[in-house]
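The block underneath contains the structure these notes are about, expressed in structure tokens.
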Amino acid sequence: MIEQLPILNLLVLLSTALVIPLFKKRTFNMTLWFGFFTLFFVFISSIVLTYHVYVHGAFYYHLGGHAPFLGIELLIDGFATFFTTFVLGLLILIYSYSAGDATEGISEKEYGRYYILLFILLFAMLGIIYTNDLFNIYVFMEILSITTCSIISIKRKKENYTSAFRYVMLNEVGSLSFLFGVALIYMITGFTNIGLVADALPDVWALYPANIILAVGFMVIGIGIKAAIFPFHVWLPDAHASAPSSSSAILSGIVIKVYALIFVKMLFRLYGVDLLTELNIPIILTVTASVGMVLGSMFAMAQKDIKRMLGYSSVAQMGYIVLGISLFSYLGLRAAFFHITSHALLKSALFLSVGAIIYKQKERRINHYDGIGKLMPLSMGVFTIAALGMIGIPITSGFISKYNLGLAALDANQTILIGVLVFSGLLNAMYYLPIIIQAFLKEPKTPVYMIKLEKIPLTMMLPIAILGLAILTLGIYPNLVMNLIDLAVESLGF
Amino acid sequence: MGIVNLIIVVLLIVCALAIEKMKDLLGAVIVFSIYSLLMSVLWLVLKTPDVALTEAAIGAGITSILFIAIIGRTERFEK
Amino acid sequence: MIEFLQMLYDYVNYLGAVALFIIGLHTVVTHSNLIKRIMGINIMGTAVFYFFIAIGNVTGGLPPILTDTPGEYINPLPSVLILTGIVVVVSITVYSLSLVIRIYETYGTIDQDEIAKINERENADD
Amino acid sequence: MQQGKKRSAVFLFILLFAFWMILAADIDALSIIVGLMATLFVVLYGFDLIFSSQEASRFTFGFLFKSLKLMVILLKGIIISNLQVAKIVLSPSLPIKPGFRTIKQPLKKDLNRTFYGNSITLTPGTLTVKLTDKDIIVHGLEPEYLDALNESDIQKCFIDLERL
Amino acid sequence: MRKWALRILFFMLFMLMSYSVLQMPGDIGLDSPAYNEATHHYIEESLGETGAINIIASILTDYRAFDTLGETIVLFTSIIAVISILRPSAKPEEEEAPTDG
Amino acid sequence: MDDIIVKSITRIIIPFVQLYGIFIILHGHVSPGGGFSGGALFGTSLILYTLIFGVDKAQKKFSHRVSEIAESGGILIYLSIGVIGIFTAGYFLSNKAAGFPLGEAGSLLSGGMIPLLMIGVGIKVASTMVTLFHTLIMEERL
Amino acid sequence: MWEIIKNSIVILSVLGGLFFFFVGTVGLIRMPDVFSRMHATTKCDTLGAGLIFIGLMVWQGFSFLSLNIFIILIFVWLTNPTAAHYIASNEYDEMLASQKESEAS
């Protein structure tokens with residue numbers, strides 16, 4: 001029965017999304033509870049799967065019982081189970097936050113649709129992580145891109161429309177580039193299954209190098225656009241800034257990480273280290289990642305709107321992840337995976353706490369944040385923790401990931417990258433610290449006489465607090481997830 | 001591979017360039033529908049009737065109708 | 001020379017697909033009119049599908065429907081992938097068209113440059 | 001109103017079923033059963049589209065006979081008109097004197113009007129531009145074609161059909 | 001000026017891609033690498049395994065039915081997205097009317 | 001639209017287009033076509049209806065509630081047929097292994113679950129196309 | 001013998017169809033205004049398509065396939081004049097509107 005759990009997870013999420021439109025509009029609370037139980041069930045089942053994989057090892061699921069070269073197969077290994085569990089856990093928090101926030105700016109009639117889109121989004125992310133078939137990745141990627149765009153544009157403001165439009169155009173160019181890469185791969189191998197293609201590629205490389213070079217180029221560019229890797233990041237700040245807060249947390253915290261995971265899957269499972277090293281891909285990635293880290297932070301410094309600032313910060317942080325990937329070593333990948341988890345937590349915490357501030361104070365401009373720490377101590381406290389994590393102060397998870405990255409860079413004999421890391425950390429400090437200082441040390445415009453916990457709904461407060469705790473816990477006991485990350489890295493062939 | 005194939009490919013490229021050049025969006029949509037129809041004929045020549053049927057119904061039919069509906073609600077000329 | 005031309009003739013499907021892909025990409029990147037860009041996406045999409053179909057082609061083959069006629073069938077898998085792809089591109093098109101309607105209602109124009117100008121003016125007012 | 005539609009519905013059912021059988025291209029029990037069900041569904045779903053007796057002639061054998069006669073006249077008209085157009089187009093001087101004319105039309109039922117309009121479009125030198133309850137605005141390549149429209153064979157045929 | 005630079009860029013991209021394409025396996029049909037054992041299996045065994053004589057249908061809804069499911073979900077998502085953008089946002093009289101339902 | 005000729009010809013043609021769409025959906029496994037093309041054809045016939053008779057009348061024919069049910073229902077048919085495979089064969093979307101009768105090749109009742117899935121897809125595609133068109137051309141009315 | 005007659009019928013009708021298509025296209029280019037163009041295209045396309053389809057039907061012999069072709073033929077004959085009429089009708093409306101405008105100014 002445990003073998004059926006991955007497909008059941010997908011089906012449960014999908015049928016939740018399908019059943020919601022059949023509910024009457026008045027039973028909205030019921031919809032919420034229903035969705036919550038679904039998420040909880042899927043979360044539990046993915047924990048069970050993680051345990052199963054940890055004990056018994058990875059397994060394949062052949063849809064329809066057909067052999068992999070005929071049909072589609074799902075691969076459930078350490079990589080897939082760890083990240084699905086993580087994504088689901090984070091999404092439960094964001095889900096309960098969104099129930100309280102009422103997802104600012106969305107009209108009441110759209111709530112149901114918002115949750116439909118949320119569940120389809122989750123379905124697509126789980127599908128992408130599980131699947132082991134190139135074309136199936138394309139299909140899920142398209143579902144993901146429509147849902148992400150529409151949870152931006154569901155908030156009916158004009159900047160949402162334009163940013164969603166730009167997002168959808170670039171996304172589609174990326175998807176079609178990816179599909180073109182799939183076509184080129186299919187042309188010479190005749191398979192779409194990742195494992196079979198990977199087996200066939202070394203032989204084919206001698207015969208048709210032009211195909212493979214072109215395919216690598218198209219796929220890297222295609223996923224690079226979607227993951228906002230540095231030169232293709234133009235859509236990200238607009239999109240993430242204009243979306244509702246919970247959507248921003250999902251987009252910045254989870255969705256671009258999922259694309260990064262496809263990137264990892266493609267580089268390590270499909271092409272393999274040897275081929276890519278021959279094509280000089282690692283060096284190209286290292287350079288773009290370093291430039292992205294520095295320039296992303298610099299752009300972030302120039303922003304006045306806090307959500308745009310967080311968006312540019314995401315561009316810089318994707319640089320860290322790509323840097324870890326580009327070292328093509330055990331340590332590098334380990335650091336990249338840890339940074340994916342850590343940054344997902346940090347960014348969600350930042351977006352959610354900022355969302356709470358916007359919910360209460362209706363203020364997005366950074367220079368109006370004087371003394372907000374006294375008005376909203378919890379939100380601003382979590383914001384502070386997460387911001388310190390971004391900078392890389394010890395006892396937060398951000399420190400551990402930077403430490404690991406540094407170790408990996410040293411291991412790969414690229415000392416200059418340490419300099420880049422430190423410099424980028426300094427840049428981070430330069431735009432996060434002023435906000436914290438401003439919020440806690442300056443007096444608010446409306447003076448307060450005693451400090452009390454802010455009046456936001458419990459469903460919003462709880463996730464924010466849990467995220468803050470999680471960041472600290474990961475910073476102190478990183479080994480809680482390190483075992484699982486090791487398993488994930490090992491499942492990629494190290 | 002045949003001469004028909006070659007002719008259709010040339011026509012397709014001409015249509016695509018025309019779509020790119022035209023300032024009148026309605027005209028561009030008409031040319032786009034011709035483009036889809038030609039594509040569907042080409043796929044018929046390449047012996048994939050299923051795809052040709054789908055492209056004729058969806059690409060040439062529904063997409064063009066939707067484009068025309070949108071142009072009716074917005075502007076007709078490109079600046 | 002003749003050999004080269006013969007080679008071009010043999011590769012006409014692939015070359016045509018590549019040319020259409022580039023034309024579509026050019027339309028998406030350079031035009032500022034939103035509807036034109038959506039058309040560009042469509043052209044790109046059909047180009048990629050055409051490439052797939054050309055991969056599956058067998059000269060003088062039969063359509064992949066089993067009959068008693070002797071002969072070789074073409075490769076059916078690309079057609080299947082394309083059937084999925086066509087519907088996906090249509091969905092994306094429809095979604096972006098609905099965004100275009102809203103953009104026209106709020107900005108009064110569907111030209112990217114003008115929208116950027118309007119946004120700039122409003123940000124300056126803040 | 002429902003009453004007037006029943007006969008047309010049966011006629012449509014027969015036509016659609018014939019269409020299905022031609023498409024299916026084999027005659028076995030399963031195909032016939034599925035075809036009957038599909039046809040029934042289409043007829044019931046599109047019941048508001050069916051012509052009532054005020055809108056169309058009743059479908060009898062006389063109707064069939066008369067419409068066959070009409071077909072023959074129409075075919076002749078189409079061939080003649082094509083030859084004329086070919087003559088006009090291929091002659092270097094392009095001898096046309098286009099103009100509009102409003103002519104009266106005696107028909108009352110929508111379907112007959114429709115086919116009358118389309119027949120005018122297909123016959124020599126004329127093109128239906130507007131069709132209203134009382135009259136038709138016709139565009140003609142030359143005035144003589146327009147003159148020929150009144151009291152033409154086709155009109156007589158349609159008046160015959162209308163009487164049914 | 002920028003326009004022409006872009007055009008030249010795209011033309012160079014086209015030449016590059018054409019050059020690569022010309023080194024690919026051409027339209028050699030049965031000998032092409034894509035026509036491998038999977039294709040033979042589809043053509044020879046699909047009738048016995050699925051019972052449909054249209055091979056495309058048998059792949060579409062049997063061997064790769066999960067893709068088709070994904071594709072219907074794309075349609076579902078797109079319609080939800082379009083409605084969420086375009087349906088009138090508030091209809092008070094419909095929401096609160098006592099006769100509703 | 002009040003043009004008699006166009007209206008009458010449309011009234012004649014629509015049933016045939018619809019029947020052709022249904023035919024293509026049902027014969028997806030024996031001839032070219034299938035759920036997508038057939039559904040799109042059926043949807044096109046209703047789009048034609050909308051163009052000729054107006055949105056209001058078309059929405060009476062194909063209401064929001066029907067479209068909502070058809071959209072979820074199309075996928076739910078697909079899913080429930082797939083789930084049968086989990087219980088009988090141990091794999092989602094199994095066909096022969098799940099015990100669907102394959103029937104005689106070439107006849108209408110063959111291919112096991114293939115026609116059923118095609119019907120699900122057809123319903124979904126048809127309803128989606130119509131609803132999309134209605135939503136896109138409708139002005140915002142309060 | 002029968003083969004030769006059949007083939008010659010097919011060739012003749014297809015050639016005739018092509019000739020009328022050609023005439024229609026030339027007419028589309030040469031005619032001065034929309035209405036006259038509609039004359040050329042409608043009539044010639046109707047007969048051209050008809051002749052080609054009839055040729056195909058003869059070539060096919062009597063079978064379900066040729067009946068299918070016949071259905072396509074009927075479809076073309078129903079829709080072609082309708083489309084022409086609708087284009088002409090809209091053009092007429094536009095012409096009247098522009099005349100009114102020029103009178104008013």
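Proteins come first, then strands; the chains are lettered A, B, ... in the order of their sequence lines, and each starts at number 1.
Remark: B:Lys23 engages no residue in a salt bridge (charged side-chain N to carboxylate O under 4.0 Å, His left out) (not counting sequence neighbours).
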_Let's go through B:Ile62 and F:Leu132 carefully: what are the C-alpha distance in whole Å and the side-chain angles of both, what is the deciding distance for side-chain contact (heavy atoms from CB on, under 4.5 Å) to 0.1 Å, and is it a yes or a no?_
CA-CA 10 Å; B:Ile62 289 175; F:Leu132 282 178; over 6 Å; no

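Minimum heavy-atom separation, F:Ile137 to B:Ala69: CG2-CB, 3.5 Å. In terms of heavy atoms, B:Leu53 sits closest to F:Gly33 at CD2-CA, 3.7 Å.
With rounding to the nearest 0.5 angstrom, the CD1 atom of B:Ile58 is 8.0 Å from the CZ atom of F:Phe36. Here OG1 of B:Thr54 is found 9.5 Å from CG of F:Leu41. Values are rounded to the nearest 0.5 Å. Atom CD1 in B:Ile70 sits 4.5 Å away from atom CG in F:Leu136 (nearest 0.5 Å). Remark: F:Met129 CE to B:Thr63 OG1 distance equals 7.5 Å, nearest 0.5 Å.
When each of F:Ser37, F:Gly38, F:Gly43 is scored by its heavy-atom pairs under 4.5 Å with chain B, the top score falls to F:Ser37.
Remark: the backbone N or O of F:Pro32 is not paired with any side-chain donor or acceptor of B:Asp50 at under 3.5 angstrom.
Heavy atoms from other residues, nucleotides or ligands lying under 6.0 Å from CZ of F:Phe23 number more than 12.
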